[in-house]
Amino acid sequence: MSRRYDSRTTIFSPEGRLYQVEYAMEAIGNAGSAIGILSKDGVVLIGEKKVTSKLLQTSTSSEKMYKIDDHVACAVAGIMSDANILINTARVQAQRYTFMYQEPMPVEQLVQSLCDTKQGYTQFGGLRPFGVSFLFAGWDKNHGFQLYMSDPSGNYGGWKAAAVGANNQAAQSILKQDYKEDATREEAVELALKVLSKTMDSTSLTSEKLELAEVFLTPSGSVKYHLHSPDSLTKLLLKHGVTQPAAESS
Amino acid sequence: MECVFGLVGKGFAIVAADTSAVHSILLHKNNEDKIMLLDSHKLVAASGEPGDRVQFTEYVQKNVSLYKFRNGIPLTTAAAANFTRGELATALRKNPYSVNILIAGYDEECGASLYYIDYIATLHKVDKGAFGYGSYFSLSTMDRHYREDMSVEEAIELVDKCILEIRSRLVVAPPNFVIKIVDKDGARDYAWRQSVQDVTTAAV
């Protein structure tokens, strides 16, 4: 590890690494995890909340889940203030597209556009990269339901199931084993809850520690983003049998 | 003087434009093609200031291509029309383009469509539209004879009626027209209607 190549984001180390980008990913590895799962009738996003207090006004603020446009939402892992900037950027990009073409922005193009912004912070300007990883969930008429994961380097990929944040590698390997291609949205929710319960550090899973959102089509054909209320979450946790304290923390 | 008009039929759209390139009292050429292929399934017929016409339509065409290369999917006709309108609107209060445009296209989801975009960035989705002095005649003729879901033959008959009306009633009527069609198989030339051919050698 060569410390003298750390401080400037815009230079390579002799081994060909960008340390600031890697450190950003390190920061995200300590943040609350988020998991996304693609099903045939929707996308499920679930996040672990790090700020839990009964004083928190949950009806007006969301820590993990954000709506970017009517047809795209995202889950966030990392530095919240950085995330807010990028979410705003994504929202502006989506509206700019709709202003120009009078159509919703295809999901991949939105992700690509945001990632181009993130990449800029790894190459010029002398500013540090954003310490955020995103899971984008959306629907468009070209490719139907889609899930994308992006990281501070500006790389992104389309996924069937993905995890970011703390213990994401453990979550990713459980997803690899248990993910089923033709799962329904309900089954995806169940899988998401189960995976998160196994990988979360805390001893018990309650609705205060989670945020769950689904992106799906209403019968009339429009895209709906639904963030579950705490009551709905509690019911789901009971239904799928994951409210018991986890046997061991991962 | 420049005549551009078009209409939508059953599963296709047709546009016709005169082919005269005029500079004051001089006719430069009478086989100037004013209908450009925007992409495989879109046509743009333009009339107006010659420099602006070519500059602007080529600019739109290249942007439509760029979108396809960047994103792997073509723009829909509606999206291309709205983009075009947006560019005219942005330029309007600085350096306006003096170009009137009819965009005809075919999309799988919604079939054939026609968009009327004038030089001050008015956008309308229409079944039939026309620009120029010729519009006084072609629009009236189309209003009289147009029906929904016309066949190609019926539509061409109507186009020819319009051309006849323009030729017989407009004082400086352009002699030649080009007709192009777009349907599920793409955009292509349909026919030329020429009453005057270019004279290549002087009569002796």
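Naming convention: chains lettered A, B, ... in sequence-line order (proteins, then strands); numbering from 1 in each chain.
- Residues satisfying the side-chain contact (heavy atoms from CB on, under 4.5 Å) test with A:Glu26, not counting sequence neighbours, are none.
- Sequence neighbours left out, not one pair with a member in residues 159-180 of chain B passes ring-ring contact (aromatic ring centres under 6.0 Å, His included).
- Under a cut-off of 6.0 angstrom, the local environment of CD in A:Glu186 is sparse, with at most 12 non-hydrogen atoms contributed by other residues, nucleotides or ligands.
- No more than 12 heavy atoms of other residues, nucleotides or ligands shown are found within 6.0 angstrom of CD1 on A:Ile85.
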Can you check whether chain B and chain A share any donor-acceptor pairs under 3.5 Å, and give the atom names and distances if they do?
{"residue": "A:Tyr97", "atom": "OH", "partner": "B:Tyr67", "partner atom": "OH", "Å": "2.6"}
{"residue": "A:Met100", "atom": "O", "partner": "B:Phe83", "partner atom": "N", "Å": "3.3"}
{"residue": "A:Glu103", "atom": "OE2", "partner": "B:Thr76", "partner atom": "OG1", "Å": "2.4"}
{"residue": "A:Gln109", "atom": "OE1", "partner": "B:Asn71", "partner atom": "ND2", "Å": "3.4"}
{"residue": "A:Gln109", "atom": "NE2", "partner": "B:Tyr67", "partner atom": "OH", "Å": "2.8"}

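- A:Gln169 meets the side-chain hydrogen bond (donor to acceptor under 3.5 Å, both in side chains) test with no other residue; sequence neighbours excluded.
- Counting non-hydrogen atoms of other residues, nucleotides and ligands closer than 6.0 Å to OH of A:Tyr121 gives a total of 12 or fewer.
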